[in-house]
Every structure is written in structure tokens, then in C-alpha cells.
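Working notes, beginning with the structure itself.
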Amino acid sequence: MENKVLTVCPYCGSGCQMNLIVEEGKIVGAEPADGRTNEGNLCLKGHYGWDFLNDPQILTARIRKPMIRKSGTLAEVSWEEAIQYTAEKLTAIKEKYGPDAIMGTGSARGPGNEANYVMQKFMRAVIGTNNVDHCARVCHGPSVAGLTYSLGDGAMSNSIPEIEDTDLLFIFGYNAAVTHPIVARRIVRAKQKGATIIVIDPRKTESARIADTWLPLKGGTNMALVNAFGHVLIAEELYDKQYVEKYVEGFAEYKATVQKYTPEYAESITGVQAAEIRKVMRQYASANKAMILYGMGVCQFAQAVDVVKGLASLALLTGNLGRPGVGIGPVRGQNNVQGSCDMGALPNVYPGYQSVTDDKIRKKFEKAWGVSLPRKVGYRITEIPHLVLKEDKVKAYYIFGEDPVQSDPNASEVRETLDKLEFVIVQDIFMNKTALHADVIFPATSWGEHDGVYSSADRGFQQIRKAIEPPGEAKPDWQIISELATAMGYPMSYRNTEEIWDEMRGLTPSFAGASYRKMEEQGSVQWPCPSEDHPGTPYLYEGNRFTTSSGKGQLFASEWRAPQEQPDQEYPLSLSTVREVGHYSVRTMTGNCRALSQLSDEPGFIQMSQADASSLGIEDGQLVHVVSRRGRVLARAQISNRVKTGATYMTYHFWIGACNELTGDYLDPVSKTPEYKYCAIRIEKIADQLRAEQQVQQEYEALRAQMHVEARPV
Amino acid sequence: MNNVLPSPFVIAEAGKCIGCKACELACFAVHNDHNGVVAAVGTVTVPVIPRLHVVRTESFTLPVQCRQCENAPCAEACPVQAIRREEGTMVIHEESCIGCKGCAMACPFGAISLNKAFSNGKVVPQIQLKERQHNAMVRSAKVIAYKCDLCRTRDHKDGAMGNVPACVEVCPVGALSLVHPDTSVSRSRTAAAMRL
Amino acid sequence: MSYKDPIIHIDEQLCTGCRRCAAVCPVGAIIGEPGHPQTIDAHRCVVCGQCVQICTAYAADNESTTASRAVKLQERGQLPNVREPLFAAYSSGDIQKVKAVLADPKRFKVVQCAPAIRVSLAEEFGLPFGTLTPGKMAAALRRLKFDRIYDTNFAADVTIMEEGSELIGRVMSGERLPMFTSCCPAWVKYAETAAPELLEHLSSCKSPMQMAGALFKTYGAQLDGIAPSDIFSVAVMPCTCKKFECSREEMSVDGYREVDLVITTRELASLIKDQGIDFIHLPDEPFDSPLGKYSGAGSIFGATGGVMEAAIRTGYELITHEQIPNLQLDFVRGEEGIRTAEVQIGELELKVAVVAGLKYVDAVLAKVAEGTCPYHFIEVMACPEGCVSGGGQPKLLLETQRKMAYQARKSALYRHDSHQKVRKSHENPDIIKLYKDFLGEPLGHTSHHLLHTKFVDRSFKEEMS
Amino acid sequence: MNRFVIADPDKCIGCHTCEVACVVAHAGNNMFLQDESGADFYPRLTVVETDEVTAPVQCRHCEDAPCANVCPNGSITSKDNSIFINQDSCIGCKTCMLVCPYGAITMVPAHKGGQKQLQSGLRSNTAGAWRSKERIVANKCDLCEDSGKGPECVRVCPTNALQFIVPSQIEDSISRKRLASAQSLLQFGGFSRL
């Protein structure tokens, strides 16, 4: 019997709705549904990215039972034992070192909002620390920080469907075709409808290819360019004086900072022609509706929050906010990274971005949760290596649905950190590189095996639904955490996700009206949704009332700082980490999908210019060594005439060609987001290609064995 | 002599055309020596495949034909370089054409059409390509792209007037003309100057 | 009237309303708005077929709005394997019927071809304009299984005998002058429709085709010992109006149709192709005697001025009993329009006019009605250059070649004439024999019965059914 | 005339969904359900990315298909308005691949019922052992004829960059363009003055 289960795609923040087709308890197919953002379309991951649920053991094996490290090796144990053991260990560490010695993560991926709510509640109410953070830190952390400062809310101001109805799209460091094909669809439609498209990207992305103007800036010069944009708006009096006067603050300081960033000065830094800088700003300022979209090309630099604020300032200067088809859009990378932020899996805020340092708010949560809560802002995940290795402050790490060894920069340092920690808990669906360092492993249910709510990148709450039974003894994340909390003396007895959701709504004014029923009825509810009779909010800042403390938009500019590590003689090329369209995040899911894994497989690629390849004598498709000060990996050369000479790109999904073995851990001072987009490397040609290919095969087999993949029949 | 002369082309004049299709017929007549088409209609044994097309609507009628584009999209679209510029005319080499339809789709004027190739009054068969017809595998018909070639290969001995394409010559109302861009532009300039 | 089919049609699915046909129609019978399909006023239409010749609105293969080609061919009375394009203006065909009769061994099939066929038929097979092929034509007809290959040219010689005698009589008596020729059925129909009061000015002679038809089923039948009822008489004509003429009620002899079916040059060509006859490589074969033997005078009937020239050659000698000094009468040869001349025949200064193109005849008729027309004898041909430019002739793809084609066909006729041993109708030995053995004398009783007719007033539209 | 699929580079975002769809459509959904994970992956269209263009390239089902015209044993035929490769009779001579001006044909191991087909006679020596050689056959877009649902790539493309062109559409498009080009001339007149 065929049965269709309506749910939301687990890949990327586009929030595409889809049906899983279930036959006899197994998923046999997927088809697009008519969701608000996807309108009956899916990309390849949505269409063909569900069969990891059948545990095909391609890259890594599903975790089916709890495990405890006993005398060095992981051994399967019962749930009781695992929970009891973990509760005791955490309690002991808390007693010995204090609650702030324990760090926990949220998960921006499969678990959903309820699990994140329970996790942050666990850390805050049970452990007693604000040490909860998650991978938003390594992606759109700067957006949350920057946009909260500038406008009030750390999310897309406008909705994905509005993209196609704007007059001008200003796309900065955002490769939608690869990261969000279904958002790229809107860009294509905007172009077809006549919008002007301006793309700022060092690479000729698909958006750049169809753009009216493409500004190929040098990597690591964003701030200089954004300052120059502001300079032109003011110097040529293109900005909306009335709007600035009425709704915006900080103009004088802003003007003073951007003063020296003449287009000519910016050209000397960015390589973008001064005339082009002027031209695009004239277009941007004169468009009736202009929308900024940006991505990791903005956020994954050590100077990221400043650039986010700088981009928001451009929208503020031109009055491109508070209406449909305008605004600024950080399109979130992971399916529920918006949601894990919404749920307060961040060290400084409770659900709904309520500050942990605000006494009134803290009292509300203390009353609801029946405990006293910590006042101090917690640690960020990117600080953990330093806090463990250098300051010895963190002793236990509860890693929930993340794989920092693969996803965080400077992997060898992350491994060292994990090994030094006294106690590491990994809660996940598949074996991964981080799990190899775990003391306890909790098997969790996957997307498709549990209910919940995801937040799409444009603030849309949407329900995910259980389609099949989980394998082995896997349990929903919220249930595992609840059992652990109970074992630690703080009973949690949720019966289902709706109970958790309703508790969360009761404590979060801006989400208060987003009930399951409303989601069911509307398909999607965009926050803020303060009351039961409120339909949700497609675009923020109606009437140009900003949610900053003063109610006004905040202009901000800052001096440009060069990336921390510059290419030199020894490491003459720059490396930026990117994504590829057929894979997702650390690849535990897509790497276990038959079609997707065959479209592109280990060891992954390093994209380079023809000129660089020629000077190194490298041919397309050859294996090469990529070396940085921090590591050395194998990757396959992909020669492209869309990249600049001197620049290289690696996708971060691959386990053999793991680019985060190479990346540096330089952080943005505000958001603590690492500089993934810029480090120095060199490429070494490999003479014996055949041997290198064999090496890749051997490494792959070894990895798979480590990941508990059963030996494949020859 | 560094200037590349733009190609001449045939164009129709709105308001004059009466829709008689004499141009289509003439076009066909002068391009089918190899099919034994001579002067009389009775010598025609193949379908009339014109290289210009009279468009008719409720309000007007006008023939449309190749504009001999300088940056011909058809030639760009051709994967086998069967479309080439020869003596100022964009010519489709029928022997090379593989019937891929790319040129017809690329042409913004709709000036290219695909049709069966004929020789000696018979369909030209494929070399090998066969299709099933009535339970037997038979050689398919070769299909090629057709478009205006300004009658460049036309035999002008039979009462033709110099190098004027047949369509221009037969139009009973003078709605078609062969335009030489260089001379017409200079004439327009002169005319504009005289109006000053 | 016995005919139902108006013969000339405009296919409304194909007509683009360019009205080029209206421009060539001599009688203004084509009605319609520009850009919309035209219709034919059958009452006015003289069935000359000039519209069929000019029409360029062909059926494109891919027009989904039109009926299938097979259906149209059937409607048009054409053979199903005809491969030439179909045009909006067309004449109904009879070739399917001819084909059926030819397959019938019980019928005695007799055929005649008009003078203009032998100078144009070859064009249908790709030969140059005006290629003269009487021998191949006869050979082709024989291969089509006609039992007797007779010829209209023979009857043209008879026409000269009868019409010449009639002219002499009228000139002598001064009655009913001027006298108009009556060979062209379109002209006759026009006269009957537009000027019934002047019908007595027409020669009472039937056309050569009808004379031939009448003789085939009488004299011919006797010669071959065949019952007239077994004879099937086909005429190949350059003319669409001949189909109308042969169906006129009065065109019968002793209860038999004089001509059973008329087909056009184009229809004959389609039948030759249908039968797989390699026309180009046929040997030259003679016509059958005696009704297929003709003089040069008979052959020039196909061109404007030809009847006049032939009549003068014979009339001169009948009146003067002297040999005509010059056989080539260039003053009556020419193109579209009116040509006049005065010919000194003994004492008589014969005033003649030649009208080529029906549209020029109105001026002449007006003069006749006024009684101020100075001519004795007027030849009228409805088509622009006589039968060579008839509506049933090979249709041209290129308008630009029309003049050249007509010129070439006419030259071929005159060349044919000049190569004949006998160039005057009254010197044709078979004509002499015909009168001796069968007719007696021109305008005699038998002639009157078989070769002369009366014309009808067709000015009332109601007559059309 | 033949039907074919063609991409609009102005809409293509290079997401490769079409390629995966192609493989899945030809493997059947059991591709996801088999225990063996080594299923072959041979898309019949290929996304090409150059500096200027991004678009999948696939068989144009040429009317005068050069592939069919060079096929030595009639394995490529015209069928239901498409050019069809009979993989059962293909001898793997590769000539079709060479002559295709679109690069739309690739040589792939033949499969039947999910199993790689081996040759009965021909053996090859790999790593010191003699084994029956795989059958290698020509592979290209077949318009997903067997599915009865039309080309899967067209169905899944998220930006509608792929179009399934049927002959009447070409005719219609040409007619539309003719009409438009005629209309564009209406406002002018008197070219003969030039």
C-alpha cells in the first residue's frame, strides 16, 4: 500500500515541502509538494536524497544502539546503561569543575526545533550553563549578530517568493545555484521577469553568469568594497535622505568611516573597477525595489559581522526595507539553522532571541522551568579548542547532531581537543569522524523517523512528519535528552513534540501564535507571529519600525582588515571552502545516497584556474596533494575558467579531500565565525597517479571500516 | 579594403503585399533544377518547399525570409558547420546538414524550416538510418534545413533580370526588394542630408 | 442546359484573396474582398481559365486547415497520383473518366488534339517552351490505347471551307456584316451573354472541335464500319471552355454527343505520366487518315490571327481563282489587342480585324450595335494570344516567363505551318475527298446538318442552373 | 520530425538534478532499494559548464542522425519520432560516439535485469586472470520512452530550463517568429526607396 507523507526537505534552508512515498514501512520515493517556497519543485537532493534512510552503508553506517567506550573501544550497551553512565559522568564533572565546564550543541539539521529547545533547556536548566551553541557559528553566526545590531532581527527580512518580484537583485558572496537551487530558481525567474542582477563574487557563479553586472572582487576584500558602496551612495547623494532622517541612526559616524573608501581606493584593494562600483550603486539606489542576498562569501571571514552590518547599511541608506520585494537576505545553509537559532541554541539568547542577560526575561524562564538560570553568556563552539587546549576550562562536550571534526576548521586541532576532553557525548544518526572520539554515543532518529518543526531561511515554521519507524533502538533526540535530564534529577516527561512546541510558544512572544494547527492549515507560518489570530509575517519592519532597542536602523561601517593568512612563497595560493550542489554538509546523509554519492564521490575536488594548473603541470581530473600550514590532503583537480588565477576552492563535504584539515581557525572577533573563505595553501603534483588512485581507494575503505560499514561483497 | 561588407538581403515592404504566394512559388521553382522542375507546374513532382514564407493574418500579409544576419545565430547553433557565409550569403550546405533543428530554433525570424530532402524528384534516403513502416524496416528520409540563399545558385539564362532573386523578380506588386545595406544606407544619408 | 458544373472554381481553403485572377478575368466574373477567398459569378464566367493560369496560391503541405491532397484531387477530377502542387483556382477535370473509357475494350476510342497542344505538351515533360511534338503526341495517344488518332487541325481545314464560304456569301450579299468567327467557345458564350442581339453576326459554323466530333461519328464511323454508338470521342484542348462547349445541348449529331469528353493539355500530360509513358523518348508517329491529315492553315488556328490568316489564304483563291502571292500574312500575326487590316482580294477590299483578349471586344461590339463597324470579318479569341495561351495549357511557375512561353508556342505553330507541304485548307487532299465523298459542298445540306449551329440568348441569369 | 529535449542556458543553474533523474529513470526506483550499492551511474545527458554557459547537453534526435548513418549493423533506428539505440544488438564499435557532433553518446557497460552483461565469447585478461569481457554499448537519451511519462529530466528540472520539444512546437515556434518578424516590419514601409 502506497502512502504519502507530507514533510519538509532536510537539505538547506529553502524549506521545500515534499511528499515521502512509503510502501510497506519503507520509503520508495519522493515527490515535490506545493510548498510556499518551492511551489512544486525540488532539487536533486530533495528528489533523490532520501535513501540514506535505508542505511545502504556507502560511506558510513547507521548507529543502531547506544555505545559506551570501554577500555578504549566503543561497545554497544543498553539505553539504561548509557543514560545512567552519562548522567553520572556529567553530574560528576559539573560538581568537580562547575557547570561552565560542560559545553553542549544544538543541531541545525534533522532533529528539529523541539529537540533544540529541549537541548538548550537541558544545558541551561539541568547543567546550569549558557554553554550551548551550534554550527550557525560556523556559517550565519555573523548574520545573526550583524542583522540583530543593524535591524533588530537576525534573519532574512523578506521572503523567498519575493525574490522573483524585485527590480534589482544584489547578490553578494552567495552561490544560490549550488547552495539553494530552489532559491536560484527565484533568481532565474527574477531575471526572466526583467530584474537587474548584480553579483559580487570572486568566482563566476551561475548567478554571476546570468548577471547584468558581475564584480569579481579579490577574496578577503569585502569590507573595502562595501564601504566604497556606502561612499558612493553618500558622495553622489544617491541615498534616501528623508528615510535616513526618519528611520536611521549613526549617519555621521558612518559617513566619516566610509569617507576614505573612494571607489578608486577600493579598486586598489578589491580589484573591482571604480566605474563599476559607481555604476552598480547608481542602479541599486535608483531601483524601486532592490533586494540584497548574501551567503557564506560574506560570513566565513574573520571580518564578517562588520560586512553584514555594512550590507544592511546599504539597504537602510536607500530605504530598501519594510516593503515586499526589498530587504536583506542571509539565505541559511542548513535546513534548520534558522530554527536552532530561533530555539535559542545560542550562548546569549533564549528561544525567540530573548537575551540571557536580561533579568526580566531570565526571571520568566526561571519561573517556567523552576530553576535559577545562569546570567553569563556561554561559550561559542569555535572557542572550544582554545578553551580546552589552552585554558583547560571545558571538560565535557555534548555534541548533538554535528560533526565538528569534518565541519570545523583546523581539523587536527579539533581532534586534539576532543581527545583532551574528559567526556565526549555524540548523539547522531550515522557514525562520523567526531564519533570516533566519543565516550558515549546515543543513536538518534533521523528526519523521516520523527515529527517536529523546521524553520526555513525566511522564518517559516513548517512541520516535518514521521514516515517510517527508526532502525534498531534509535530514539528521537528530545526523548534522549529528556531521559538524560530525568536521570540527572530534572524530570522531563514530554509525550510528543507538540507539547514541547507549546511550552516554547508560551515563553516566546514572537512565536506565540505559530501553533501546529496554524502550520497545518497554512502550510507555513512566518515569524513574528505573536498571537493565535496572526497569520505570520512575510516581511519584517513594516512601517520601517525596526526591532533594535531604539526602534531605528543602525548604520555601521568599519575599517577593512585583510584576511589573517596571506599567500606567500611557500603557500602561494588562496583556498576558499565552498559547497557542491549534490552533497550536504558533512555528507553523512548524501554520502549514503546511491545516486548522489555516484554523481560525485571521494576524494572531492579542488577547483583551480587553468593558469595555475598549467604552471603546475596539472591536468583536469588528476589527483593532487593540497597542503597548508595545518594539514595535507588528497583531492582531484578540477580546472575551471570561472575562477581567478591564484584562487582555489574545495567543497567541505569530502572525508578524504577534507578541506578543514587545511583551513585556519582565525575567528571574527564578534561572532567567532572562522575564516573558511581564505587561507594559504600550495598544490603538489603527484607523479604516480595510479598509486594515488589506489591510495584514495585504500583510504576510503579504511574510513568505511572505521565507520562500521560492513565489508562489501566483491 | 578592411571593411567587411554587410550581406545583402531580401526584405518585404508592409502594405504592398497582396498575399499571392508568387514569391514562394518562384523560390521553389528556381531551387529545384535537381528535381526536374522546369517552367511548367506539371514538371513538379516534389512538395513545394519555399525558402521564404508568406505570413497571413486578418490584418496583413507579408513574406518573411532570411535576413542574412551578420552574426548569424543559425550558424552559431549549427554543430557541424553546415551554415557558412559564402560571397556575402549565409548558405546551408545541405549535404552536411544533419537535421538537428538547432538553426531553426535559433533563428529569431522563423526563416528556417526543416523538410525532407529531395533529389531527382524523390526523397533522399538516409545512408543507414531506418525506421519501421508497415512491419518492415525502411530507410528514413533525409531531412534538411531550408532557407533563403538569395538565389545564388540560380541559372539566370531563362529570362531572369540580372542578379535579382526570383521572389523579388516575380512579385507582381514590387513588395520585395533586394537590399544592399552599404548603398542603401548611403542613399538614406544623402536623402537625410537633402532634407536639412 | 445540361451542364451543372461551372468548370472553373476557386478553392476557398486555398485562396488568399490576392485578386490577381480578377485582374486577368476579361469579364469581371471574380468577386470578393481583398484578403478573403474569392468566388466566381458563373453566369458571367466565360470559362476561359485565365484565372487558373495566373493563380499562385498553392496548397502548402503543412497547412492543417485544408482538406487532404487526396480529397482535393478527387474533388478536382484529377488522377490520384498527380504530384504537382494544387492551386486555389482550378478547372474541373475529366481525366478519370477518360482513363476508365480507355480501359474499356468495347468502346472505339477516337481522339482529336487542338492545334496548340503539339506546341505545349512537351513543356509538361520539362522540354523547352514551344517544342514541337506532333509525332510524339500521336505516339503517346496511340500508347494510351486510342483506336484512332484524328486531329482537330483537319476540322480546322473544314472550318475554313465552311466559314470562308459563309463569309463570301455574306460579303456578296452585304448581309449580317461584320461576320465574327465562332471557333472560340468563350467568345461565343460571352456574345450570348453580353450581346444576344448581335448573335446573327456570328458565323454559324461550329468550332473545329465540334465539326471534328460530328464527322467522327458520321463520316469516320462509316469509314471504319463502326456504329456511332460504339464510338467514344475525346478532344484534347488547350481550353477549359471547350468542356463547356462540348456539353452544350445542341452539340449533338443524330442523338449522339459530338464530343464525349474534353480534356486539357495538362490532363493529357497527367494521363501520359500516369501510364508511365516516357514521352521524351517516344518515336514520331503519324496521325490516322483521313481525319488526322491537315494543312498548314489548320495548324495556325492555335495562335491569334491564325483563323483569319487561314481564311484569307483560302478565301483569296476561292474568290480570285488565283494563287495568293504571299502565304505568310504578317499583318494579322501579333499579340494581345486589336489588329486591323485591309486585304485586296481581286476587286474586293476586305476589311478585317483580329481581337486577341476578350476584354478588347466590347469596343467592337459597341460599334456593331451602332452600325458603324467598318469591318467585314472579325476574328475573336478570348485568350490573350489565342489558344496557345489557353486556360488548359501548361501552367507556368514563373510569371516572368509567360511572354516568352507564348511567343515560343506561337513561333512553333508558324514553323509547323511553314514546314507543311500543303498550307491551304482547300488544297488538303483529304478535305477535297471529304467534300467529294460525303459533304458535297460547303454550306451544303450535310454541312448545314452537321457543321453549323444556332446560338442562344444567355443574358438571363436564371438560365444557369 | 523527431522529438527531443533541449536546455535553456539562461535558466539552467547547473544543479545536475537532470543527470541524477536520468539515471534514476533508467534504473527504476529499485536503484534505491537494492542491497548492492555499486549500481552504475551513467546519465544520458551531461551538464556542461564553461565560462559563458551552463547547460545539459543531450541527444538532439537529429533527423539525419549521423550516429545511425554510420552504425554498421542497423542498431540505431528511427522509432516513434526519435532516434533509438538497440543496445541488444550494439557491437560497441564507438563510431556513433565519434560522429555525434553533440557528444551526446557515451559507451557504457550493458545491463540487463540489474546485472552487468558479459560477453559469451570474448575474454580479457585482468590482473592475470581471464574473464568474460563486459558488453560495452552506446548509450544516449531515449526520451524515457519506456516510462510512458515523458523525459524525467524535464519533469524534475527546478528552473524549467529543460524543454521537451515535439515537432508541432517547432512548427508553432517558427510560425510565431515569422508572424512576429512580419509584424515588426509593419510600421516601416518603402524599403524600395532605399
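Hydrogens, waters and symmetry mates play no part in the numbers below; they use all other heavy atoms, side chains included. In what follows, chains carry the letters A, B, and so on, assigned in the order in which the sequence lines appear, proteins first and then strands, with residues in each chain numbered from 1.
When heavy atoms are compared at a cutoff of 4.5 Å, B:V173 does not approach chain C at all.
At distances below 3.5 Å, not a single donor-acceptor pair connects side-chain atoms of C:R118 with backbone N or O atoms of C:P134.
Among residue pairs with one or both ends in residues 96-109 of chain B, those qualifying as salt bridge (Lys or Arg N to Asp or Glu O under 4.0 Å) are B:K101-D:E63; sequence neighbours excluded.
In terms of heavy-atom pairs under 4.5 Å with chain C, the best-connected choice from B:A22, B:C17, B:G121 is B:A22. Comparing B:C23, B:P172, B:G36, B:A39 by heavy-atom pairs within less than 4.5 Å of chain C, the highest count is held by B:A39. Interface check for chain B: of the options C:K403, C:H36, C:R20, the most heavy-atom pairs under 4.5 Å are formed by C:R20.
Take C:E84 and apply the side chain to side chain donor-acceptor pair (under 3.5 Å) test, not counting sequence neighbours, and it matches C:R266. Shown here are the side-chain contact (heavy atoms from CB on, under 4.5 Å) partners of B:A72, two or more places apart in sequence or in another chain: B:C69, B:C74, B:A75, B:M90.
By the 4.5 Å heavy-atom criterion applied to side chains, B:Q68 and B:L150 are counted as neighbours.
Screening C:R76, C:H9, C:E75, C:K243 for a side chain to side chain donor-acceptor pair (under 3.5 Å) involving C:S92 leaves a single residue, C:H9.
Using a 4.5 Å heavy-atom cut-off against chain C, the contacting residues of residues 48-61 of chain B are B:V48, B:P50, B:R56, B:E58.
In terms of heavy-atom proximity, C:I277 sits nearest to C:A140 at CD1-O, 4.1 Å.
A donor-acceptor contact under 3.5 angstrom links the side chains of C:Q13 and C:K72, judged on distance only.
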